[in-house]
Amino acid sequence: LLLLNSVLLFCHQGIFWSCRQSIFEEMQKRFSQIGSAAEEPRVLCIVQDTTNAKTVNERLTLNLPASTTVNKLYEDVAHKAGYVNGTFCLAWANTGNMAPLDQASEMSLVLSGFEAGKRNFLQLTDKDGEQPQIASVTDSSGLEDSSQDRFIGPLPRDGTVGCSSDYSSPSYSYSSILNKSDTGYVGLVNQAMTCYLNSLLQTLFMTPEFRNALYNWEFEESEEDPVNSIPYQLQRLFVLLQTSKKRAIETTDVTRSFGWDSSEAWQQHDVQELCRVMFDALEQKWKQTEQADLINQLYQGKLKDYVRCLECGYESWRIDTYLDIPLVIRPFGASQAFGSVEEALQAFIQPETLDGPNQYFCERCKKKCDARKGLRFLHFPYLLTLQLKRFDFDYTTMHRIKLNDRMTFPEELDMSPFIDVEDEKSPQTESCTDSGAENEGSCHSDQMSNDFSTDDAVDEGICLDNTSSTERVLKPKSSLTFELFSVMVHSGSAAGGHYYACIKSFSDSQWYSFNDQHVSKITQDDIRKTYGGSSGSRGYYSSAFARCTLCVFAEFLEVEDFPEHIKRLMQREKESEEQEKRQREIERNTCKIKLFCMHPVKMMMVENKLEVHKDKTLGEATEMAYKLMDLEGVVPLDCCRLVKYDEFHEYLERSYEGEEDMPMGLLLGGVKSSYMFDLLLEIRRPDQVFQPYKPGEVMVKVHVVDLKSESIAAPVSVRAYLNQTITEFKQLIAQATGLCAETMRVVLERCYNDLRLLYVPNKTLKAEGFFRSNKVFVESSDSTDHQAVFTDSVLWKLLDRHGNTIRLFVSLPEQSPGSLANRTSCPKANADSEDSLEGAEGSRKSVEAILEESTEKLKNLSLQQQQQQQQQSSSTSDSQKSSEHSDFEHIESPAQEPDAASQSSQMENCTRAASDTENQFPSEERSDSDANNDRSTSSVDSDILSSSHSSDTLCNADSGPLPLANGLDSHSITSSRRSKAHEGKKETWDTAEEDSGTDSEYDENGKRKADSQYLYFKAEPYSQEDGSGEGQKCLLVHVDKRITLAAFKQNLEPFVGVPSTQFKVFRVYANNQEFESVRLNETLSSFSDDNKITIRLGRALKKGEYRVKVYQLLVNDPEPCKFLLDTVFAKGMTVRQSKEELLPQLKDQCKLDLSIDRFRLRKKTWKNPGTVFLDYHVYEEDINISSNWEVFLEVLEESERMKSMSQLAVLTRRWCPAQMKLEAFREVVLESSSVEELKEKLSELSGIPLENLEFAKGRGTFPCDISVLEIHQDLDWNPKVSTLNVWPLYICDDGAVIFYRDSTEELMELSEEERNELMKKESSRLLKTGHRVSYSPRKEKALKIYLDGGPTKDPGQD
């Protein structure tokens, strides 16, 4: 036994050690997996379930290894969400594309576009229009209707206020409206703030009598446009609500039939007001049809409005009809609200006693007697509507308020206590009157005006709500019990909120909440929450429909019982929905990616979007791109291929050799809303072979530099690896360009104008700073320039010039100053001789020859001017000078004999073809003011001028250099456009100022007296056709942007034909606005490629001078501001001196013959006159002046009364209420800011007694126009202040407008016709002067439905 025990113990110990060893090995394996997983990056996935309203705000979070496949991701999401895998889709969130991820993909998450270490947002959506299947059904599923499905009130919205639509919230997804709710009902999409409309439409849809009657109406397309037919669009909407498989449908077609535009979607209105307006529109549309009296049959009741004499018992009454019963929540002046609907109904019919001053005149007693006035219900409608008036006006705070007091309503409402039985039994022969409502609680006739703004149940735009109560069948008179059918609820405040409807379905007696696109089941407890009060979860107010409780219900028409025209409509809508579903499925499987191509005909990079199905092969996609880029007939299809491309870095990432049959979905990494790369359609010549592009290579644009011709060639594309050395890289360039590698210098441009010489042989490209796309300049020659320090070498200077040269389009003036039409300038190149420009070296004039010709002509001009001056009288005054020559009166010719230094530094002149040597720019007379007033005709359109691109060449080992049509030339790589259009042209250097200076630093030839540096300037003629068919005379200028404006103007002198002091430079911006460049010491560094410049003749401003626009102030004219002329004021000049210079200009240009003491200058701010400038004021000392300054010139009827700055000049205007007119403006000069002095001056001026005089400050822009219908009550008359410079006047400067009147003068009484006529005149007058007119403006936009398809635009309205 002991031995046996020992054996057993030994055996057990062996088993123990064996088990422990296996456990240890398993744990070691797991730890190694955990360790490797810990080293692997993780992908954080946040999934939003958008398939159900209850889960739309929930998120599923998964933190997965980066190597996890997409297929495994679907499994993990299905397990965590509780769905059957394969019954849902996953798509990228926060994008406009809902394309799902490929569930069968075995690609890792990283390769599928997921980013490790970052949050990746996904959406769980339906698959093929069906909701996901639940993985397992538990016993708690029976509780869903009472717990999970229970929903009432507005959904929580992140960052939304009021009635914003659900799809404006971050949690909204388009897929949430694709799946029908499990309740079987379809919701309505909120356009923006149309929740009130959705609630009413759902209530009408759930009313069988209304829905069936609408179905029985047949639309005649020959009589009306279906787009504008309200009944037809409601019919379509109801058919979709009954048969659609979507979760929610749009209401845009219905609102379009109302005549509404998109702005109406942002206007929230009262649902009861909408109900009345829409019922009225339906009645208008249903005239002469079977449905003509439908609204009255369903919703109209009758009541008696009576007054009974308490002495003789005589009763005077009339019959009114109503569509709803407005119930007061809290009586006026009471602090306690009614507790129930029954109490409010009893108060509604409670009579009031007319006694005391309110006694009633009895026709029988023939005297005023005490009487009793009240209402009696005579007949209740088929569908009873109760409206709870929860909105009131608080006279303490003067604000609208919402009454959230608790008011109950029963499930069954007995109306028998509220009906007049005797009147109900007696026949009624009287017709309803048009009386409307005389009391606050009275109901309105159905014949009343549609202007519901006069109804005290509906305020301006107040969100009032209604409750409606419906009965299903025509009830006998004895049945007066109504069953609660629908409750419309408003959540929010008086300023706005959200509507939704709680409706009972009579098919299953179940209550549902219709909250825009969300429909869910609710219970009686949820209905009781709408009573309001502090005990409720929300401060809602409610109203209800009720129905008569009978045993027989009106049933909805089923699909098989639909009329034939509804069946046809349903079939059309079903086909449309199926087509939309198919289109949506195609969209989900379509890859949309940017496509680029260097078009061989257009010679520019063309961008488009390639939309290809994920199952299409690469070859099929190439054919689609080929057709998309309009290459048919231009190049063969087999000469094109698609390559992976990075447009931002201009980098060719890889080519797809041997993958022509690969599906695009796999090739692009799946269907995504956006891709981190693009596609390029690459083109080759038929005799070339495509070069393979491998991943990991970098692209290098190689520009070959020729030091002899000082030219830089178009780029050649080569591909290299970052681990290559500089020596290996030089060998690669030598193979591509044919240059010698031993003498090659390579310069890398790492960023803008950052040049780095690559001289370390063994250093790698990565160490030198190469990236995905790079730009290098290479030079290989036997010159000694490579021995110099790089920054002192010719190569560096050439590259530095290349990096700082910009291209400008300069528009030359069409006319020249003076009367010398024979003045010439730079000859214009013939457009047809473009081909001859490159080879016609012998026919070109040298720069020196052109300059000599221009100088000789300027000499002749100077001699002619001298002869003219000798013939004129020596006593000619300034006033006799022609304004047309005012800007050119000091024109001087340039130096007669340009010296050698000047000759060597001239810029390269424009080229002229041999066949067009005599073609010159015409010259005509034009003044500076004329040029400024005619800018629109002389400015160059910013969209006309464009640059050309040169094509690239691609290095190919098989066939040598390849011209690549996707060419990424120097134009597109940097902001500088520096290609040489004509290699044969001679380029020279020009001198310009080195840094800032003033006019005094230049000699008579415009040269700077200090040391100068050489800056590049090259100009070529450029002809641009305008709309008239004539060419606009332009220059294409390549210039170093470090040149100063002064030197730039000097270089333009030979082309303009006048000295730089006699023309102005205007910079043209994108919107064709022009601004003069006047700072001569500033460089052109703020300019960029293809900027436009306009040259205008006229004297350029000197230092301290400012160009000024002068406007005439005409205070009593309809247009008080009139432009006169442009002039120049100088710093240090007095106002009187400027007036003296203005006199001859005013006489010559404006035909104004004034004396210097009979006009003044004053400040101009927009159209408002300001400070009066006194004669002794000095510009820049007493008066601040700036570029493009504007001043008013005011002609005086008498000598200037303003003598001191302490005085104040105001413009006054008398208002005559008895005549309903305003008198003319008259100026009053005050010695101080005293109100008393102002009143005294006005009393003296008008004869109004001082104690009766009232005044008010005008509002707005001068002349502060206001309608005579508003001025008497709208202005702040007679403010209680003692000085003018305090609130509310703040009159501290000249030019303020003061209205005054006689307080004892009575306002003229106008008849209605006179008022309307005057209103039209005032509206026309104010519109002409640009001032808005408004009469009793509404703060909210009125709700209207237009029966003719849309509102008629009134030009007088805003």
Side-chain angles (χ1 to χ4, degrees), residues 1111-1122 1160 1162-1172 1192 1194 1202 1207-1230 1232-1246 1248 1252-1303 1305 1307 1318-1319 1321-1337:
Y1111 294 80
Q1112 186 176 2
L1113 178 63
L1114 305 166
V1115 293
N1116 287 308
D1117 280 16
E1119 180 54 52
C1121 182
K1122 176 186 176 183
R1160 65 160 66 130
R1162 64 189 306 167
K1163 182 179 180 181
K1164 179 180 181 292
T1165 306
W1166 182 228
K1167 293 184 178 181
N1168 298 312
T1171 307
V1172 175
F1192 268 129
E1194 184 179 8
M1202 291 288 292
Q1207 293 176 307
L1208 188 66
V1210 295
L1211 294 168
T1212 65
R1213 197 172 191 185
R1214 181 172 179 176
W1215 159 239
C1216 303
Q1219 305 174 33
M1220 295 292 287
K1221 75 171 187 177
L1222 286 163
E1223 294 184 352
F1225 279 105
R1226 300 180 69 178
E1227 185 179 75
V1228 172
V1229 177
L1230 305 176
S1232 65
S1233 297
S1234 170
V1235 171
E1236 192 64 30
E1237 182 186 358
L1238 173 63
K1239 285 188 173 184
E1240 290 175 358
K1241 290 290 182 71
L1242 293 177
S1243 176
E1244 179 183 346
L1245 184 67
S1246 62
I1248 301 174
N1252 298 335
L1253 192 140
E1254 294 182 341
F1255 75 95
K1257 182 184 177 182
R1259 298 172 183 168
T1261 306
F1262 184 82
C1264 305
D1265 265 330
I1266 186 172
S1267 170
V1268 296
L1269 295 172
E1270 297 177 344
I1271 186 173
H1272 200 69
Q1273 65 272 9
D1274 281 8
L1275 292 183
D1276 184 14
W1277 290 98
N1278 214 28
K1280 306 301 181 183
V1281 293
S1282 58
T1283 58
L1284 300 176
N1285 56 1
V1286 298
W1287 184 87
L1289 298 177
Y1290 287 126
I1291 299 177
C1292 305
D1293 197 2
D1294 303 325
V1297 173
I1298 297 293
F1299 295 98
Y1300 64 96
R1301 69 183 181 188
D1302 189 343
S1303 61
E1305 189 174 344
L1307 188 65
L1318 186 58
M1319 185 182 299
K1321 291 182 179 179
E1322 285 296 283
S1323 177
S1324 176
R1325 178 180 68 87
L1326 295 179
L1327 285 174
K1328 287 180 181 178
T1329 58
H1331 289 75
R1332 182 176 301 175
V1333 57
S1334 59
Y1335 303 101
S1336 301

Apply the test side-chain hydrogen bond (donor to acceptor under 3.5 Å, both in side chains) to residues Thr1171 and Asp1294: give CA-CA distance (whole Å), side-chain angles for both, the deciding distance (0.1 Å), then the verdict. CA-CA 5 Å; Thr1171 307; Asp1294 303 325; 5.0 Å; no
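- Side-chain contact between Arg1259 and Cys1264: absent, with no pair of heavy atoms (C-beta onward) separated by less than 4.5 Å.
- Residue Phe1255 forms a side-chain contact (heavy atoms from CB on, under 4.5 Å) with just one option from Val1210, Asp1276, Thr1212, Val1235, and that option is Val1235.
- Counting heavy atoms from C-beta outward, Leu1238 and Tyr1300 have side chains that stay 4.5 Å or more apart.
- Residues Ala1209 and Glu1227 come closest through the heavy atom pair CB-OE2, 3.8 Å.
- With Phe1225 as the aromatic partner, Arg1213 meets the cation-pi criteria of under 6.0 angstrom to the ring centre and within 45 degrees of the ring axis.
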Run the side chain to side chain contact (heavy atoms under 4.5 Å, CB included) check on Ser1282 and Glu1236 step by step: do they pass? CA-CA 7 Å; Ser1282 58; Glu1236 192 64 30; over 6 Å; no
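- Summarising the geometry of Ser1246 relative to Arg1214, their closest heavy-atom pair is O-NH1, 3.6 Å, with the distance given to 0.1 Å.
- Across every non-hydrogen atom of Glu1322 and Ile1266, the tightest pair is OE1-O, 4.0 Å.
- With contacts defined as side-chain heavy-atom distances shorter than 4.5 Å, the pair Phe1299/Leu1222 qualifies.
- Shortest non-hydrogen contact noted between Thr1283 and Leu1289 is O-CD1, 4.3 Å.
- Taking the charged nitrogens against the carboxylate oxygens, Arg1301 and Glu1305 have no contact shorter than 4.0 Å, which rules out a salt bridge.
- Rounded to the nearest 0.5 angstrom, Glu1237 CD and Leu1242 CG are separated by 10.5 Å.
- Atom CD of Glu1240 sits about 10.5 Å away from atom CG of Leu1230, to the nearest 0.5 Å.
- Ile1271 is listed as a side-chain neighbour of Trp1277, based on a closest heavy-atom distance under 4.5 Å.
- To the nearest 0.5 Å, atoms CD (Gln1112) and NZ (Lys1122) are separated by 6.0 Å.
- Taking CG from Asn1252 and CG from Asp1302, the interatomic distance works out to 5.0 Å, rounded to the nearest 0.5 Å.
- Between Ala1256 and Leu1275, the closest heavy-atom pair is CB-CB, 3.9 Å.
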Please determine whether side chain to side chain contact (heavy atoms under 4.5 Å, CB included) holds for the pair Leu1284 and Ile1298, giving the CA-CA distance in whole Å, both sets of side-chain angles, and the decisive distance to 0.1 Å. CA-CA 11 Å; Leu1284 300 176; Ile1298 297 293; 5.7 Å; no
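- Under a 4.0 Å N-O distance rule, the pair Asp1265/Arg1325 qualifies as a salt bridge.
- Interatomic distance, CZ of Arg1162 versus CG of Leu1113, reported as 6.0 Å (0.5 Å rounding).
- In this structure, Val1268 and Lys1221 have side chains that are not in contact, with every pair of non-hydrogen atoms separated by 4.5 Å or more.
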Begin from the C-alpha positions of His1272 and Trp1215 and carry the test side chain to side chain contact (heavy atoms under 4.5 Å, CB included) through to its verdict. CA-CA 8 Å; His1272 200 69; Trp1215 159 239; 3.0 Å; yes
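- By the 4.5 Å heavy-atom criterion applied to side chains, Met1220 and Leu1269 are counted as neighbours.
- Taking each heavy atom of Gly1295 and Leu1211 in turn, the nearest pair found is O-CD1, 4.3 Å.
- Between the side chains of Ser1233 and Asn1285, not a single donor N or O lies within less than 3.5 Å of an accepting N or O.
- Under the 4.5 Å side-chain criterion, counting only non-hydrogen atoms from C-beta, Lys1257 is in contact with Ile1291.
- With a 6.0 Å radius and a threshold of 12 heavy atoms from other residues, nucleotides or ligands, Lys1164 has its NZ atom above the threshold.
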Decide side chain to side chain contact (heavy atoms under 4.5 Å, CB included) for Phe1262 and Cys1121; before the verdict, give the C-alpha distance in whole Å, the side-chain angles of both, and the deciding distance to 0.1 Å. CA-CA 10 Å; Phe1262 184 82; Cys1121 182; over 6 Å; no
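- Using a 4.5 Å cut-off on side-chain heavy atoms (C-beta onward), Glu1254 and Lys1239 make no contact.
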